[in-house]
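Below is one structure; the comments refer to it alone.
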Amino acid sequence: MTTTWLAVPQDSPFGPDNLPYGVFTAPDQPGRRRIGVAIGEFVLDLGAAARAAGEPSVLLDADTLNPLLAAGRSVWTQVRTALVRWLGDESFRSVISPCLLERGEVELHLPFEVADYVDFYASEHHASNLGRIFRPGSDPLTPNWKHLPIGYHGRAGTVVVSGTPVVRPHGQRKAPTDPLPSFGPSRRLDIEAEVGFVVGTGTELGTAVPLEAFREHVFGVVLLNDWSARDIQAWEYVPLGPFLGKSFATSVSPWVVPLDALEHARTAPPARDVEPLPYLDDRQAEPWGLDIALEVRLNGHPISRPPFASMYWTAAQQLAHLTVNGASLRPGDLFASGTVSGPEVDSRGALIELTWNGENPVKLPDGTTRAFLENGDEVTITATAPGPNGTRIGFGEVTGRIVP
């Protein structure tokens, strides 16, 4: 367990074993974005700390994480080692303390420039529930589902940081009983509680990333809400898949938890009942399931607690599949797990599942119900994972409010 001279409560989600990265502005220089690291109730100005410690770095003085992402695993390890030393060695207290700002006084921004964005569909519970809703009486999973991690390419330009308002999207809608489609705002706006993985080191076009190279390319983890307009999606997705129903907004948390902080969260994925092809076969590899406990709140009221450990396909398998055709990686690429859902009703990560396509609306404490989101609704997703000696690694939160 890592120690620090800074007063950090034992139960802090941002303890010295976490040290997540973000980008912030502060009142003293509101126009200057800086890289910061969350520690307790503070944010460490990373560039200023490096200079104060006599180890200045242009990577840490950047206004986005992308240069650090591109630097690769050896540099990420060096920076984390330095962070632990600066915050743990009492001799650094006098020079590092002035580089700390109260977390409540800074404004957080999108921590990296998103290069490409891919969203997967990796929860067997989620996929099975949607299959039962839309294909009753048939096999809930499509024939390919247990042979490859299904996914689609989204829009990098509409990935936004937590707190950004989500404008209700417009598009074509057609209910099964309607003779023709109509145009207007989505009537079935939904959430998808997900975990996102931030790529650091890129690859050459034509190069595949094998399972064992996952750690060399993935820098860290964020929380993610892939907002979904179910009515727009239902009309447009045959035969090519998600488009306008997904591309209007994807929210991410402002803190990137480094992969190195999640060693105690690693766990074996669920047992597979279909033998994977060799490039996806992780039975003899390091386990890259992650024991992350999510919570979804609607207008402050908890409505679901999805368990990430139940995901059928791991992030390492997703990255291997994403690149097996030779697709290149770039620093800042983001790939998401897909909706995280568990076996119980209260562990489903999307309203379409929680309400069974609107048939069983969620009841809120104020007496109202929700089948799908209304204007003014606010959704917040939080998560924690096991750390050393009973501590918990926090991911912060990803929040969005629906506006007309």
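Values below: all heavy atoms of this structure, side chains included; hydrogens, waters and symmetry mates excluded.
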Flag the pair Val79 / Leu60 as yes when at least one side-chain heavy-atom distance between them is below 4.5 Å, and no otherwise. yes
Quick one: do Arg272 and Asp282 make a salt bridge, cutoff under 4.0 Å? yes
Between the main-chain N or O of Leu329 and the side-chain N or O of Thr203, is there a donor-acceptor pair closer than 3.5 Å? yes
Would you say CD of Glu204 has more than 12 non-hydrogen atoms from neighbouring residues, nucleotides or ligands within 6.0 angstrom? no
For the CD1 atom of Ile96 and the CG atom of Leu100, what is their distance to the nearest 0.5 Å? 8.0 Å
Flag side-chain contact, heavy atom, 4.5 Å: Val403 against Val166: no
Would you verify whether the NZ or CZ of Arg173 falls within 45 degrees of the ring axis of Trp235 while also being under 6.0 Å from that six-membered ring's centre? no
Does Glu236 come within less than 4.0 Å of Lys246, counting only side-chain N to carboxylate O? no
How about OH on Tyr152, more than 12 heavy atoms from neighbouring residues, nucleotides or ligands closer than 6.0 Å, or not? yes
Is there side-chain contact between Trp86 and Leu46, with at least one heavy-atom pair below 4.5 Å? yes
I'd like to know if the side chain of Arg401 reaches the main chain of Gly376, judged simply by a donor and an acceptor atom lying under 3.5 Å from each other, with no hydrogens or angles considered. yes
Distance in Å, Glu295 CD paired with Ile303 CD1, rounded so as to fall on 0.5 Å steps: 10.0 Å
Polar contact flag, side-chain donor to acceptor under 3.5 angstrom, His109-Thr25: yes
Is it true that Ser228 and Asp190 share a donor-acceptor pair across their side chains at a distance under 3.5 Å? no
Would you confirm whether Asp377, through its side chain, and Ile402, through its main-chain N or O, come within 3.5 Å as a donor-acceptor pair? no
Step by step, work out the side-chain contact (heavy atoms from CB on, under 4.5 Å) result for Thr142 and Arg135. CA-CA 10 Å; Thr142 53; Arg135 297 184 302 276; 4.0 Å; yes
Side chains of Thr250 and Trp227: any donor to acceptor distance under 3.5 Å? no
Exceeds 12 heavy-atom contacts within 6.0 angstrom, atom OH of Tyr279: yes
Classify the ring geometry of Phe335 against Phe197: parallel below 30°, tilted from 30° to 60°, perpendicular beyond 60°. parallel
Check each of Tyr121, Phe120, Phe308 against His126 using the ring pair (Phe, Tyr, Trp, His ring centres under 6.0 Å) test, and report the only one that passes. Tyr121
Between the side chains of Thr267 and Asp291, does any donor sit under 3.5 Å from an acceptor? no
Given Arg34 and Asp61, is the salt bridge (Lys or Arg N to Asp or Glu O under 4.0 Å) satisfied, shown in steps? CA-CA 7 Å; Arg34 294 176 265 178; Asp61 260 324; over 6 Å; no
Drop me the distance from Asn129's CG to Ser123's OG, to the nearest 0.5 angstrom. 8.0 Å
Considering only heavy atoms from C-beta outward, does the side chain of Trp288 approach that of Leu259 to under 4.5 Å? yes
Do Thr64 and Ile35 make a side-chain contact, defined as non-hydrogen atoms from C-beta onward lying under 4.5 Å apart? no
Mind checking whether Trp76 and Phe219 have ring centres under 6.0 Å apart? yes
Show the nearest heavy-atom pair for residues Ile393 and Ala261, with the distance to one decimal. CG1-O, 3.6 Å
Just by distance, no angles: are the side chains of Glu353 and Ser341 close enough, under 3.5 Å, to form a donor-acceptor pair? yes
Within a 6.0 Å radius of atom CD on Glu397, are there more than 12 heavy atoms belonging to other residues, nucleotides or ligands? yes
Could you give me the CA-CA distance, side-chain angles and deciding distance for Asp45 and Phe24, then say whether side-chain contact (heavy atoms from CB on, under 4.5 Å) is met? CA-CA 9 Å; Asp45 182 336; Phe24 72 95; 4.1 Å; yes
Is a side-chain donor-acceptor pair under 3.5 Å present for Ser304 with Asp346? no
Matching residue for Val296 among Pro302, Pro306, Ser347 - test: side-chain contact (heavy atoms from CB on, under 4.5 Å): Pro306
Look at the side chain of Ser247 and the backbone N and O of Phe243, then say whether any donor-acceptor pair between them is shorter than 3.5 Å. yes
Side-chain ion pair, Asp116 and Arg330, N-O less than 4.0 Å: yes
Test item: Glu105 side-chain N/O and Glu102 main-chain N/O as donor-acceptor pair under 3.5 Å: no
Trace of the side-chain contact (heavy atoms from CB on, under 4.5 Å) decision for Val256 with Phe395: CA-CA 8 Å; Val256 183; Phe395 293 77; over 6 Å; no
Distance-only side-chain donor-acceptor flag, Gln318 / Trp313, under 3.5 Å: no
Should Lys146 and Asp273 count as an ion pair when the cut-off is N to O under 4.0 Å? yes
Between Arg230 and Glu192, is there a side-chain N and carboxylate O pair less than 4.0 Å apart? yes
pair Leu334-Val159: side-chain heavy atoms closer than 4.5 Å: yes
Do Asp260 and Arg73 pass the salt bridge (Lys or Arg N to Asp or Glu O under 4.0 Å) test, and can you show the C-alpha distance, the side-chain angles, and the key distance before you say yes or no? CA-CA 10 Å; Asp260 289 340; Arg73 167 63 52 190; 3.1 Å; yes
Any ion pair linking Arg305 and Glu344 (charged N to carboxylate O, less than 4.0 Å)? no
Are Asn357 and Arg188 linked by a side-chain donor-acceptor pair shorter than 3.5 Å? yes
Indicate whether any N or O donor in one side chain lies under 3.5 Å from an N or O acceptor in the other, for Ser91 and Asp89. yes
Taking every non-hydrogen atom, the tightest pair across Leu224 and Ala336: CD1-CB, 3.8 Å
For the residue pair Thr384 and Arg392, confirm or rule out a side-chain donor-acceptor distance under 3.5 Å. yes
Ignoring hydrogens and angles, tell me if any N or O in the side chain of Ser12 forms a donor-acceptor pair with the backbone of Pro9 under 3.5 Å. no
Spell out, as yes or no, whether a donor-acceptor pair under 3.5 Å connects the side chain of Thr369 to the backbone of Lys363. no
Return yes if some donor-acceptor pair links the side-chain N/O of Thr201 with the main-chain N/O of Glu216 below 3.5 Å, else return no. yes
May I ask you to decide if Thr391's main-chain N or O and Asp17's side chain share a donor-acceptor pair within less than 3.5 Å? no
Could you tell me if the side chain of Pro270 sits less than 4.5 Å from the side chain of Glu124, heavy atoms only? no
Determine, for Glu378 against Arg297, whether the closest basic-nitrogen to carboxylate-oxygen distance falls under 4.0 angstrom. no
Between Thr355 and Leu351, is there a donor-acceptor pair closer than 3.5 Å when you use the side chain of the first and the backbone of the second? yes
Quick check: do Val252 and Leu110 have side-chain heavy atoms less than 4.5 Å from each other? yes
Do we see a donor-acceptor contact under 3.5 Å between the side chains of Tyr312 and His125? no
Could you check Val198 against Phe112 for side-chain contact (heavy atoms from CB on, under 4.5 Å), going step by step and ending with a plain yes or no? CA-CA 9 Å; Val198 181; Phe112 58 98; 3.7 Å; yes
